[in-house]
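A quick write-up on the structure given underneath.
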Amino acid sequence: METGTIPVDELEGGLDLYRTLESGQSYLWRRSDGEMYGGSPAPEAWYYTVVDGEVIRVRRRGGPDGDPTAGVAADATTGRLEWESTTDAEPLVRRLLRLDDDLEAIVDAAPDDPLLREAYEAHRGMRLVDDPAFGCLISFICSTQMRVSRIHAMVSTLAAEYGDAIAFDGETYHAFPTPAQLAAATESELRDLGLGYRAPYVVRTAELVADGEAHPEEARDLEYEAAREYLTRFVGVGDKVADCVLLFSLGFDEAVPLDTWLKSAVEEYYPDCDRGSYAATSRAIREQLGGEYAGYAQTYIFHHLRTGE
Ligand SMILES: Nc1nc2[nH]c(O)nc2c(=O)[nH]1
């Protein structure tokens, strides 16, 4: 087993691991106590994921006073991030949790907007994730009209049923299925697993990727709106799902998914940004929320309004 520690005070803007992994932006991590999305942090629990066949576990520990659990929920700037893995995972941990983003600078440069300031202040240390693109795409196809806890359960079930099993430290972990593994599933199997009308979308999209007809990674080099358009070729992907995939797995920090919470924010706080269509409203709200890092702003506002914290 490889292990390591990253001091949180070396990360610009700190790290709130709980909010980063339980705010609904990633469905590819799981918590070792099985209580994810229950609404409270677990200081001793590990979060784990499998990427490129490697198991990665992380947890945040240690406050300023020597108590190993102190500061975990309340203070995003102290303690350390511990990781354990089948490989030397520090570069992967840094990439998946975007630990090298200068969060302090992003927050400082945000527009002086009351809702955004309130959200940034309430959830200090929440970072964007950088998930593998195929798992992110399927997760957000599953996300339509679903609560975050249900989406997470569906994605976990897909991994347990179709993904590779990997032994690590006496436990069995499951990778998210490859496109070929998911394309081999049948619609009725996926319906039986609770995916409902999303079942054919998942199978068709997996087939497109497995057959080499398209891959979400191909959007990476396109200009933002062209990238969003590209992703809508996958079955079950509209503009909102495409924006989530661009933001949480393909590095488009300007993407602002217009979900129910953002639409209610537009209605209440930014009525001038309502331009009728998704594309035009999206452009206006992107400007309103600071352009380059508007996706960070979306993530904070989404979490702030969804949880009421
Ligand atoms: N920040 C966001 N997280 C999400 N999770 C989910 O299922 N939808 C969203 C979203 O629109 N924004």
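Indexing begins at 1, ligand by ligand and atom by atom, following the structure's order. Along the sequence shown, residues are numbered consecutively beginning with 1.
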Requested in this report: Using a strict cut-off of 4.0 Å, indicate which atoms of ligand 1 neighbour a heavy atom of F140.
Outcome: 5 (N), 6 (C), 7 (O), 8 (N)

**Report entry** Y120 vs R124, side chain to side chain donor-acceptor pair (under 3.5 Å): CA-CA, chis, key distance, verdict
**Finding:** CA-CA 6 Å; Y120 272 135; R124 290 177 59 218; over 6 Å; no

**Report entry** Reported OG1-to-CG distance for the pair T281 and L262, which is rounded to 0.5 angstrom
**Finding:** 11.0 Å

Query - Top protein contact for atom 8 (N) of ligand 1, by heavy-atom distance - result: K240 NZ, 3.0 Å

Query raised in the report: After noting the C-alpha distance and the side-chain angles of Y269 and D113, does the key distance pass the side chain to side chain donor-acceptor pair (under 3.5 Å) rule?
Result: CA-CA 10 Å; Y269 298 91; D113 169 288; over 6 Å; no

Query - Heteroatom proximity flag, Y27 to ligand 1, N/O under 3.5 Å - result: yes

**Report entry** Distance flag, aromatic centroids of Y48 and F168, threshold under 6.0 Å
**Finding:** no

**Report entry** Numbered atoms and elements of ligand 1 in range of D259, under 4.0 angstrom, heavy atoms
**Finding:** 11 (O)

Query raised in the report: What part of W261, side chain, backbone, both or neither, has a heavy atom within less than 4.0 angstrom of ligand 1?
Result: neither

Requested in this report: With heavy atoms of P257 as the reference, note each atom of ligand 1 found under 4.0 Å away.
Outcome: 11 (O)

Query raised in the report: For ligand 1, is M146 a contact, meaning one of its heavy atoms is under 4.0 Å away?
Result: no

Query raised in the report: For ligand 1, which part of Y300 has a heavy atom less than 4.0 Å away: the side chain, the backbone, both, or neither?
Result: neither

Query raised in the report: Does NZ or CZ of R306 lie under 6.0 Å from the centre of the six-membered ring of W261, at an angle within 45° of the ring axis?
Result: no

Query raised in the report: Is there a donor-acceptor pair closer than 3.5 Å between any side-chain N or O of E82 and the backbone N or O of V58?
Result: no

Query raised in the report: Does G24, backbone or side chain, put an N or O under 3.5 Å from an N or O of ligand 1?
Result: yes

Requested in this report: Could you see which bit of H303 sits under 4.0 Å from ligand 1, with heavy atoms only: side chain, backbone, both or neither?
Outcome: neither

Report summary line: Heavy-atom proximity to atom 11 (O) of ligand 1 ranks first, among Q298, K263, R306, for Q298

Query raised in the report: When you check the side-chain N and O atoms of D253 and Y224, is any donor under 3.5 Å from an acceptor?
Result: no

Requested in this report: Look only at the side chain of R31 and the backbone of P41, and say whether a donor-acceptor pair between them is shorter than 3.5 Å.
Outcome: no

Query raised in the report: Counting each atom of ligand 1 from 1 as listed, which ones have a heavy atom of I151 under 4.0 Å away?
Result: 7 (O)

